[in-house]
Structure formats: C-alpha cells, structure tokens
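Note that these values count all heavy atoms, side chains included, but never hydrogens, waters or copies made by symmetry.
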Amino acid sequence: MRYMHECSPFDEECKQCFVFPICDGGCGMLRYRNRFEGSDFFYCSAFRDKENLKRALLSSTEENPNKEKKQLRL
C-alpha cells in the first residue's frame, strides 16, 4: 500500500514538466526505492531533454524499408 499511496508522480516538478503526459511521472518503483530504501535513481524521462524528444519523434516518422506498412482503417 505504501507504494500506491506515498509515491505519487504528482509532485510539483513533475506536474510542471512538459513531458509529464508522456512519461506519467516515471517509474513508480524507482520513486519508492528512492524514498524508502535510500536509493538515488534518476526516474525522469530522457525525453525531458527537448533534443532527445525531437530525435525520437522524427525517427518514428521516418520511412523504414524493413518495417511493414500498416494502413489505418476508419
């Protein structure tokens, strides 16, 4: 229960972060271990760096000849 109640991803830093909708506050288990086990894990998304986010978004839209194309059917 401690994990669910005391390791909320809704701290002020996360709520203000522009990638919060993508990362959802990072790994809850890492938050738990930092808070209750004295660990020092970095749980912020790599996408917090805008250049990393830009590269990831651009690479996901590039054509990949080995990837099967899927049609979106409406």
Rounded distance (nearest 0.5 Å) linking atom CG of N34 with atom SG of C27
9.5 Å
Looking at every non-hydrogen atom in both residues, tell me the closest pair between [X] and [Y] and how far apart they are.
| X | Y | result |
| --- | --- | --- |
| L53 | I22 | CD1-CD1, 4.1 Å |
| S45 | C23 | CB-CB, 3.6 Å |
| F47 | A56 | CE2-CB, 3.4 Å |
| R31 | D11 | NH1-OD2, 3.2 Å |

Kindly determine whether F41 and M29 satisfy side-chain contact (heavy atoms from CB on, under 4.5 Å), including the steps that lead there.
CA-CA 10 Å; F41 292 106; M29 185 56 154; over 6 Å; no
Greater than 12 external heavy atoms within 6.0 Å of E37's CD
yes
Return the set of residues passing ring-ring contact (aromatic ring centres under 6.0 Å, His included) with F20 (not counting sequence neighbours), or none when no residue passes.
F10
